[in-house]
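Down below is the structure, laid out as C-alpha cells.
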Amino acid sequence: MNQPHKHQGNNHSNNHQHDHEEHNHSAHKHDHGSHDHSDHHEMMIKDFKKRFWISLVITLPVLALSPMIQDLLGFEFALTKGVDHYILLLLSTFIYFFGGWPFLTGLGDEVRKKQPGMMTLIAVAVTVAWGYSAATTLGVEGSTFFWELATLIDIMLLGHWIEMKSVLGASRSLQKLVEMMPSEAHLLQGSETVDVKVDELEQDNKVLVRPGEKIPVDGEIVDGESHVNESMVTGEARPVKKAKDDKVIGGTINGNGSLTVSVKQVGEEAYLNKVINMVREAQNEKSKTQNLADRIAFWLTVIALTIGFGTLATWLALGKPFVFALERMATVMVITCPHALGLAVPLVVAISTSISAQRGLLIRNRTAFENSRKISLLAFDKTGTLTKGNFVVTRYGAFDNAVEDNEVLRLAGAIEAKSEHPLAVGIMEKVKSDQINLPEAENFQAITGKGIEADVEQKKVKVVSPGYVEENSLDIPGKAYKNEQETVVFVIVDDVPAGFIAMADEIRQESYDAVKTLKNNGLKVYMMTGDNEKVAKSVSDELGLDGYFAGVLPDQKLEQVKAFQQKGEFVAMTGDGINDAPALATADVGIAVGSGTDIAAETADIVLVNSNSKDIASLVVFGKATYKKMIQNFVWATGYNVVAIPLAAGVLFSAGILISPALGAVLMSLSTIIVAINAQLLKRKMQA
C-alpha cells in the first residue's frame, strides 16, 4: 500500500534516513546509551553551519579574483598574470571538497539506493563546474566556473542549514517506548523477593508488584486485588479493578493494592514490545517515499544529465571542436542546478514552521505538513483529546428538601477523603474548588465492589454505586440520570437516599467548534476510543461525528487507520497516549495533543502545544497555503531553466544567440531573489 511518507522530514542527504533505520534497530535492543536520532540531527545542523561560514569566507577572494565579477563591478584586481588562476583553482578546490562534502557523500547514498535526488543534482553540477574549470586553468581552452561553483555550494549549504533548523529533530518514539517498560521486577522465591532484570524472567515465574509501581510483565494475577491504571494502553480514563485470575499488561501502573502476578508473556511477546514493533514498521514504511523537493530534483538530474551529454554528443557530431562542446555541456550542467531550488523549500519551511510555532503547532516532520492539505478523514482519540481525560463532577443535588444540595457534596466529601478511587479524586476536586469545609468521618469501611460507608456527625453515610441501589431496591428519583456519558454515585444517609453526584469525563468546549470547522471543510470526522460503547456513543452523538469505534486496542486503532487508507482516505490521526502511538505513526499525518504522553508526541509529525482541537482545523488551512507557496517557488526556481537550458546548449547558435556561463549565472541569481521574496509573502498571508 502506498503510504505517503512522513518520517524523512528533511531533503538533506538520505543518509539521514539511513541513520533513522539504524537507530531504530539500536533502540530495539533496549540501548538506552544511544542518544539517538535528534542528537545526530543537532550534529548535522552544526556541521552544515560550520561548512557554510568557512566556505562563505573563502568565497570572497574567489569573487574578487573572478574576471566576470571584476567586469560586472568595473574594477581591476589582478595579481601577476596567470597566478590568480592558480589561486582561484586552489581556493575553489578547497570549497569543492570541504563545502561540497555533504553533497558528494549524499550522491553516493542516493546512487546506492537508486533514488537520485537533490544531492545528486548538486553534486553533479559542482563536480562538472570544478572539473571543467580545473581543466581550463591547466591548459584546456575555455572559461572557468569558479565563482559559480563557490556560490552554488554556499547557497545549498545555507538552504540545508535553514531547513534542518526549522524542522524539529527526528523521532525518539521508540526509545521513549522502551523506557516505559520497567527494567527490574521483584521475583518471588518462596517467601523471599529477589530483584531481577525483566529479561531474566521466565514464563510462570511469580512477581510481586507493590502499590504505585509499574507492572513489569504481561501476566495473570494469582493473589491480591487493586485498581490498575491502564489509560496509557487502552485509553480508558478510569483505573480498572483487578483481582485473582485477571490479566495485566506490562508498563501499566498498579494502584493501591499489592499484587502477585504470574508471568505469561515476556520479551518479544510482551504487549508493549508488540507496540514498539508496530511503530517501527510504520516508520520504516513511511521512510520509503520521498518529499517534493527530492522528486523534482530527481527529474532535474535526469534532464541535466540527458541534455548535458546530449549537447556534448550533438556538437561533436556537428564537427565542433571538443573544447567548444565541453563548454556547452558544462554550462548546461551548471545552469540546470538552480540555486533557487536549494532555497525554494527551506525558506518556505522556515517561515511556515516559525509561524506555526507561534500558533501552538510544532511541526516535527515537514512532508506530513506539506501533505496536511490532502487530509480527507480525521480520526480523533477520545480521552484527553476530545474530552479532558479526568473525571469531574458535572452535576449534584439533593432528592428532597431534608438536605441542601451542598450538604450532599459535604457528606460525600467527608468519607471520600479517605478513598483513593478515581471517582473520589473527582469529588474531592469539586469540594476543594467550592471551598466546602468537611466534617470528620469515623468507622470508615468499604462495601465490597459497591461503595464506602462511615459515620459522619452521628449519621450513617454511604456513597454507593447504582449496583448497590438496585440490590437494595432503593427508590431513586429520575433526575439523578441525565445521559449515558455520566457515572452516577448516590449518597445515602441513615439508609435513605439523600442525593446524587454525577461525574463524567467532560467534553472540551473547543471540540464542538473543531468538529464543525472540519466538517465545513469537507472532512469526515471519526472517533476511536478504548472506552465503552455507551460513553463513546454519547460523545459521538453530542459532537455530531460521522462515526465512532469503541473498546479498541492499539493494534485495532492501527488496523482501522489502515482500513480507512485502503478505502482511499488520506487519514490524519489525533491522539495523546501510548495506545495511539502505532496509529499516529501509520496515519498519513499524525497529530499529538500536547497534554498527552511523550510517546504520542514523539511518534507524531505535528504536536498541538495547547491541546486545542481547533488548531487542527487551522493546520489544514495553513498546510494548503504553505504548499501553494512551495509550488510557486518551484515554478520560479525551475522556470528559468526552461529558457536557459536550450540556449546554453546552443539551440540558437546559428542565429548568433548563445548564453555565456556568465549570463546563465545572472539568470540564476535573479530566480534566487524572486524565490526569497515570494517565501516572505507567506508571512503576510498567514498573519492577515
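As a basis for the values below, the full set of heavy atoms in this structure was taken, side chains included, without hydrogen atoms, waters or symmetry mates.
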(message) Could you walk me through whether Val552 and Thr529 satisfy the side chain to side chain contact (heavy atoms under 4.5 Å, CB included) test, starting with their C-alpha distance in whole Å, then the side-chain angles of each, then the deciding distance to 0.1 Å, before giving a yes or no?
(response) CA-CA 6 Å; Val552 283; Thr529 177; 5.6 Å; no
(request) Evaluate the criterion side chain to side chain contact (heavy atoms under 4.5 Å, CB included) for residue pair Val525 and Phe380; output intermediate values, then yes/no. (result) CA-CA 8 Å; Val525 186; Phe380 278 103; 3.6 Å; yes
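The closest side-chain heavy-atom distance from Thr260 to His186 is not below 4.5 Å. Annotation: side chain of Ser258 is not in contact with side chain of Ser226 (no heavy-atom distance under 4.5 Å). No side-chain heavy atom of Phe444 sits under 4.5 Å from any side-chain heavy atom of Glu453. Ile427 is listed as a side-chain neighbour of Ile501, based on a closest heavy-atom distance under 4.5 Å. Taking 4.5 Å as the limit, every side-chain heavy atom of Thr252 sits out of range of all side-chain heavy atoms of Asn229.
In this pair, Phe399 and Phe500 present their aromatic rings parallel. The plane angle is below 30°, not in the 30 to 60° band.
The pair Asp223-Lys206 fails the salt-bridge criterion, with no side-chain N (NZ, NE, NH1 or NH2) lying under 4.0 Å from an Asp/Glu carboxylate O. Note on Lys557 versus Asp381: salt bridge recorded, some NZ/NE/NH1/NH2 to OD/OE distance being below 4.0 Å. In summary, Lys264 and Glu220 do not engage in a salt bridge, as defined by a charged side-chain N under 4.0 Å from a carboxylate O. Note on Glu225 versus Lys242: no salt bridge recorded, every NZ/NE/NH1/NH2 to OD/OE distance being 4.0 Å or above. Ion pairing between Glu457 and Arg410 holds under the 4.0 Å rule for side-chain N and carboxylate O.
A ring-centre distance under 6.0 Å is found for Tyr526 and Phe564.
At a cut-off of 3.5 Å, with distance as the only test, a side-chain donor of Glu542 or Tyr512 sits close to an acceptor on the other residue. Looking only at atom types and distance, the side chain of Tyr396 has no donor-acceptor partner in the side chain of Lys430 under 3.5 Å away.
Paired with Lys460 under the rule side chain to side chain donor-acceptor pair (under 3.5 Å), one option of Asp455, Asp494, Asn443 passes, and it is Asp455. Screening Thr193, Val198, Leu201 against Leu187 for a side chain to side chain contact (heavy atoms under 4.5 Å, CB included) leaves a single residue, Leu201. The only option from Thr586, Val589, Ile375, Leu377 that meets the side chain to side chain contact (heavy atoms under 4.5 Å, CB included) definition with Val571 turns out to be Leu377.
Across every non-hydrogen atom of Val261 and Val248, the tightest pair is CG1-CG2, 3.9 Å. Closest of all the heavy-atom pairs between Pro497 and Asp495 is CD-O, 4.1 Å. Of all non-hydrogen atoms in Val408 and Gly499, the two that sit nearest each other are CG2-CA, 4.0 Å. Residues Val207 and Ala185 approach most closely at CG1-CB, 4.1 Å, considering heavy atoms. Across every non-hydrogen atom of Asp405 and Ala398, the tightest pair is OD1-N, 2.8 Å. A pairwise comparison of heavy atoms in Val456 and Pro439 identifies CG1-CG, 3.5 Å as the closest pair.
With hydrogens and angles ignored, the 3.5 Å screen pairs no side-chain donor or acceptor of Glu192 with any backbone N or O of Gln189. Put simply, the side chain of Asn205 gets close to the backbone of Glu202: a donor and an acceptor are under 3.5 Å apart. Not one N or O on the side chain of Thr387 forms a donor-acceptor pair closer than 3.5 Å with the backbone of Ile507. Asp434 places no side-chain N or O within donor-acceptor distance of the main-chain N or O of Val431, the cut-off being under 3.5 Å.
Heavy-atom contacts from other residues, nucleotides or ligands closer than 6.0 Å to CG of Asn437 number 12 or fewer. Heavy-atom contacts from other residues, nucleotides or ligands closer than 6.0 Å to NZ of Lys537 number 12 or fewer.
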